[in-house]
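What follows is one structure encoded as structure tokens, with my remarks underneath.
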Amino acid sequence: MRQLAASFEPRAYAPFSETPAAAVLLLSDGQYIPGVRVENVTFPLLIPAVLNAYTTAVALERTDIVALVTSRPVGVFEKLVLGGFGLDLAERDAYTLAQPGALPEPTQPVSPFLGGPKAVSVDGGLRQADEIAHRAYVPNSDFPVGAILETAAGAIPGVNVEHPEWLFGLCAERNALGTARSYGITEFNQMFLTCPKDPTGTPCGACRQVLVEHDPDLPIYIYRGDDLPPDLVRPSSLLPGAFDAAVLRGRRA
């Protein structure tokens with residue numbers, strides 16, 4: 001399992017720390033979900049590997065987790081993240097929710113896609129985003145959000161996942177982007193967003209900053225109600241003058 005987790009490190013996005021990290025969630029049937037570290041030029045917007053993997057599991061409705069292993073020792077932040085989700089760490093970099101002898105052998109990664117690798121229409125993408133919004137874990141806000149990130153390989157779902165410590169939660173847009181990165185996908189076609197309880201909603205500032213770094217021209221369609229056409233926006237228009245600080249990348253070179 002530890003070697004499996006380490007095999008996903010090259011997919012991490014860590015241009016600032018130059019410290020890639022990965023995690024693997026083992027599920028009850030032997031399938032697994034990877035998660036990688038995704039950094040941002042605004043450092044506090046880091047998505048740790050364990051949070052990335054767990055929020056992917058929520059979006060894919062696969063929370064039958066029996067074990068987790070990380071490629072590097074887990075720090076205080078990761079322990080707080082896991083503890084808030086009711087997952088107790090048994091070791092520095094591995095834990096199980098079942099007796100070791102009962103753990104299945106890892107078989108294959110869970111597919112992150114909804115349907116096959118076909119192009120998604122605007123109406124179809126918004127409908128999918130609305131349908132998966134119910135997967136959101138929102139005990140604090142009761143404000144579900146659904147996101148679909150369309151890639152050449154297929155449509156990746158994302159939902160908002162809250163944490164008792166609000167800082168450690170993740171929005172639907174960053175959930176979908178983090179999943180894509182964990183599965184080695186770095187090129188995106190378009191994104192679809194729905195806020196079922198507020199059709200006037202838009203991506204929060206944190207999501208705007210992350211999206212603008214990874215794909216500033218990504219078309220984002222936002223549902224505005226059955227009687228109105230969806231909005232079409234791009235990260236660069238949502239966050240003009242975004243912080244870039246390209247000098248920070250590769251600063252150890």
Side-chain angles (χ1 to χ4, degrees), residues 8-23 35-56 58-59 70-72 74-82 84-85 136 138 140-141 143 145 147 149 156 158-188 190-191 193 195 201-220 222 233-253:
F8 289 103
E9 278 196 353
R11 298 181 181 179
Y13 179 73
F16 309 110
S17 71
E18 298 181 2
T19 306
V36 299
R37 179 183 176 102
V38 179
E39 297 178 349
N40 185 266
V41 68
T42 302
F43 290 178
L45 297 181
L46 161 76
I47 305 175
V50 292
L51 179 62
N52 199 350
Y54 185 80
T55 54
T56 293
V58 173
T70 59
S71 63
R72 296 174 184 267
V74 171
V76 173
F77 183 88
E78 287 86 353
K79 290 181 180 180
L80 289 172
V81 169
L82 294 170
F85 290 128
V138 287
N140 297 308
S141 69
F143 188 80
V145 178
L149 181 59
I156 296 174
V159 296
N160 48 330
V161 180
E162 295 179 349
H163 189 280
E165 294 292 339
W166 286 20
L167 174 65
F168 303 149
L170 202 64
C171 298
E173 300 95 314
R174 286 178 284 159
N175 183 344
L177 186 146
T179 297
R181 283 277 179 179
S182 297
Y183 281 80
I185 300 170
T186 59
E187 295 184 2
F188 318 126
Q190 52 194 349
M191 178 177 279
L193 290 177
C195 300
T202 64
C204 72
C207 287
R208 296 180 186 204
Q209 179 63 47
V210 172
L211 289 169
V212 82
E213 178 167 345
H214 289 272
D215 194 338
D217 295 319
L218 179 69
I220 303 174
I222 307 175
V233 298
R234 300 176 189 273
S236 56
S237 66
L238 288 172
L239 194 65
F243 180 52
D244 183 353
V247 69
L248 295 177
R249 295 179 177 84
R251 59 191 174 85
R252 296 180 182 177

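Values below: every heavy atom of this structure, side chains too, minus hydrogens, waters and symmetry copies. The model shown is predicted, which means the values in this text are computed figures rather than measured ones.
Judged by distance alone, with hydrogens and angles left aside, the side-chain atoms of Q209 form no donor-acceptor pair with the main-chain N or O of A242 at under 3.5 Å. Put simply, the side chain of T55 never gets that close to the backbone of V161: no donor and acceptor are under 3.5 Å apart. Under the 3.5 Å distance criterion, the side-chain polar atoms of R72 are matched with a main-chain donor or acceptor of P20. For the pair S236 (side chain) and P216 (backbone), a donor-acceptor distance under 3.5 Å is present.
Closest heavy-atom contact between V159 and N175: O-ND2, 2.8 Å. In plain terms, the two heavy atoms of R11 and G184 that are nearest each other are CD-N, 3.5 Å. Annotation for C171 and C207: closest pair CB-SG, 3.3 Å, computed over non-hydrogen atoms. Nearest heavy-atom pair across T56 and Y183 is CG2-CE1, 4.5 Å. Between P219 and R234, the shortest heavy-atom distance links the atoms CG-NH1, 3.4 Å. The nearest pair of heavy atoms linking L218 to F188 is CD1-CB, 3.7 Å.
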Can you give each donor-acceptor pair under 3.5 Å made by side-chain atoms of residues 39-50, sequence neighbours left out, with the distance rounded to 0.1 Å?
residue	atom	partner	partner atom	Å
E39	OE1	F16	N	3.1
E39	OE1	S17	N	3.2
E39	OE2	S17	OG	2.3
E39	OE2	R37	NE	2.7
E39	OE2	R37	NH2	3.1
N40	OD1	T42	N	2.8
N40	ND2	E213	OE1	3.0

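Tested against P203 for a side-chain contact (heavy atoms from CB on, under 4.5 Å), the candidates V210, I222, V145 yield a single pass: I222.
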Are L211 and E173 close enough, and set up right, to give a side-chain contact (heavy atoms from CB on, under 4.5 Å), and what steps lead you there? CA-CA 8 Å; L211 289 169; E173 300 95 314; 4.2 Å; yes
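In this structure, CZ on F143 lies 4.5 Å from SG on C195, to the nearest 0.5 angstrom. Taken to the nearest 0.5 Å, the CG atom of L170 stands 7.5 Å off from the CG atom of N52. A distance of 11.5 Å separates CZ in R181 from CD1 in I156, rounded to the nearest 0.5 Å. To the nearest 0.5 Å, the span separating CD on Q190 from CG on D215 amounts to 11.5 Å. Here CD1 of I220 is found 5.5 Å from CG of L238. Values are rounded to the nearest 0.5 Å.
By the ring-ring contact (aromatic ring centres under 6.0 Å, His included) test, H214 pairs with Y13, sequence neighbours left out.
A side-chain donor from one of R208 and T202 sits under 3.5 Å from a side-chain acceptor of the other.
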